[in-house]
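Report on the structure given below.
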2 protein chains.
Amino acid sequence: MATDRLSVIFAALADPTRRAILARLAEGDATVSELAEPFAISLPAISRHLKVLEHAGLISRSRSAQWRSSSLNPEPLREATAWMERYRQFWDANFDRLDAHLRRMRQAQATPTDNDKTPTDNDKQ
Amino acid sequence: MATDRLSVIFAALADPTRRAILARLAEGDATVSELAEPFAISLPAISRHLKVLEHAGLISRSRSAQWRSSSLNPEPLREATAWMERYRQFWDANFDRLDAHLRRMRQAQATPTDNDKTPTDNDKQ
DNA sequence: TCGTTAATTAACTTATCGGTTAAACGTAGA
DNA sequence: TCTACGTTTAACCGATAAGTTAATTAACGA
């Protein structure tokens with residue numbers, strides 16, 4: 001696997017078990033066995049998934065006695081989203097669609113719309 | 001690798017060459033050799049990267065004569081972003097930050113801020 | 001101190017990834 | 001029809017991912 005930061009993040013997310021672990025951690029910190037409980041795989045396998053998530057910076061871990069608690073660290077998700085953000089113009093007719101969506105979520109007042117699409121740079125990796 | 005749709009998408013993105021190809025396609029359609037040009041890897045390798053991207057739904061391809069043109073298909077990025085979106089509350093103090101960001105991109109007028117965070121469901125995979 | 005519990009490490013297996021070179025395919029043009 | 005070009009397929013290689021079971025580590029508690 002590629003070792004650049006973004007690749008490590010996306011690779012960590014490319015597994016349903018790891019995504020489910022993140023979903024669980026969104027509800028609050030948990031120990032390894034708590035995280036393992038819903039799955040039909042061994043504890044060492046979970047332990048390795050956690051290592052992958054930790055290596056990607058998606059979780060951080062602490063120990064108290066014999067328990068190791070994991071907690072969600074969403075910063076890498078922000079990075080990954082930031083990378084995708086530049087393609088948003090291709091799937092949203094314009095940025096106002098998202099704007100409108102956010103407003104709907106907040107049950108807030110109407111918003112003016114305009115049309116200047118912001119051109120986006122490319123990265124070469 | 002896991003075969004569920006989201007895993008296939010994230011896995012496709014977990015490679016810098018493939019992300020660079022997507023970046024190139026954001027500027028417009030391109031043939032295989034045009035896409036290969038910036039890279040120090042063989043044409044068959046590029047061909048396989050394209051197959052991965054196509055399988056993930058990130059590009060679609062057409063042929064005219066002996067040239068195969070690829071074009072960006074951003075729908076899967078929308079799906080991936082949608083999955084991450086639920087974690088946004090963990091890295092943004094509130095959704096207004098994004099709102100503000102969008103406004104800045106549009107060089108539009110100031111926006112009022114409020115504080116209702118929208119709670120988010122979890123998926124179990 | 002001894003047993004129990006929580007978790008990790010070690011050793012191994014199987015499958016897949018990302019690259020290579022060589023061969024084959026499909027179309028256009030001389 | 002033959003050749004050249006753009007691309008894919010085939011066969012292979014070395015590295016690594018994701019799982020297993022068994023052994024080890026680390027801390028607590030009787």
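Numbered from 1 within each chain, the chains take letters A, B, ... in sequence-line order.
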Practice item. For A:E34 and C:dA6, give me the distance from atom CD to atom P, rounded to whole Å. Key: 10 Å
Practice item. Indicate yes or no: at least one non-hydrogen side-chain atom of A:L58 is less than 4.5 angstrom from one of A:R18. Key: no
Do any N or O atoms of the protein come closer than 3.5 Å to N or O atoms of nucleotides 13-19 of chain D, and which pairs are they?
residue	atom	partner	partner atom	Å
D:dA18	OP1	A:R18	NH2	3.2
D:dA18	OP2	A:R18	NH1	3.2
D:dA18	N7	A:R48	NH2	2.9
D:dG19	OP2	A:H49	NE2	2.4
D:dG19	N7	A:R48	NH2	2.5
D:dG19	O6	A:R48	NH1	3.1
D:dG19	O6	A:R48	NH2	2.9

Check your understanding: Just by distance, with hydrogens left out, do A:S7 and B:R19 show a side-chain donor and acceptor under 3.5 Å apart?
Key -> yes
Review point. Which one, C:dT8, D:dT8, D:dC5, comes nearest to the side chain of B:Q66?
Key: D:dC5
Revision key, fill the gap. In whole angstroms, the gap separating C1' of C:dC17 from CZ of A:F10 amounts to 18 Å
Exercise for review: Taking only the side-chain heavy atoms of A:P44 (C-beta and beyond), determine which of C:dT8, C:dG26, D:dA27 contains the nearest atom.
Suggested key: C:dT8
Check your understanding: Given B:L35, which of B:R68, B:R24, B:H49 fulfils the side chain to side chain contact (heavy atoms under 4.5 Å, CB included) condition?
Key -> B:R24
Practice item. Give a yes/no on whether any side-chain N or O of A:R61 is located under 4.0 angstrom from OP1 or OP2 of C:dA6. Key: no
Review point. In whole angstroms, how far is the C1' atom of C:dG18 from the CZ atom of B:F39?
Key: 14 Å
Practice item. Please tell me if the side chains of A:T81 and B:Y87 come closer than 4.5 Å, counting only heavy atoms from C-beta onward. Key: no
Practice item. Report the distance from atom NZ of B:K51 to atom P of C:dG19, rounded to the nearest whole Å. Key: 15 Å
Review point. For B:L43 and C:dG19, what is the distance between atoms CG and P respectively, to the nearest whole Å?
Key: 13 Å
Exercise for review: Find the distance B:L50:CG to D:dT8:C1' and express it as a whole number of Å.
Suggested key: 11 Å
Review point. Atom CG of A:L53 to atom C1' of C:dT8: distance rounded to whole Å?
Key: 16 Å
**Study point:** Salt bridge A:E75-A:R78, side-chain N to carboxylate O under 4.0 Å
**Key:** yes
Check your understanding: What integer distance in Å separates B:H55:NE2 from C:dT16:P?
Key -> 12 Å
Review point. So, B:E85 and B:R88, do they make that salt bridge, N to O below 4.0 Å?
Key: yes
Exercise for review: Report yes if the side chains of B:V52 and B:R48 come closer than 4.5 Å at any heavy-atom pair, otherwise no.
Suggested key: no
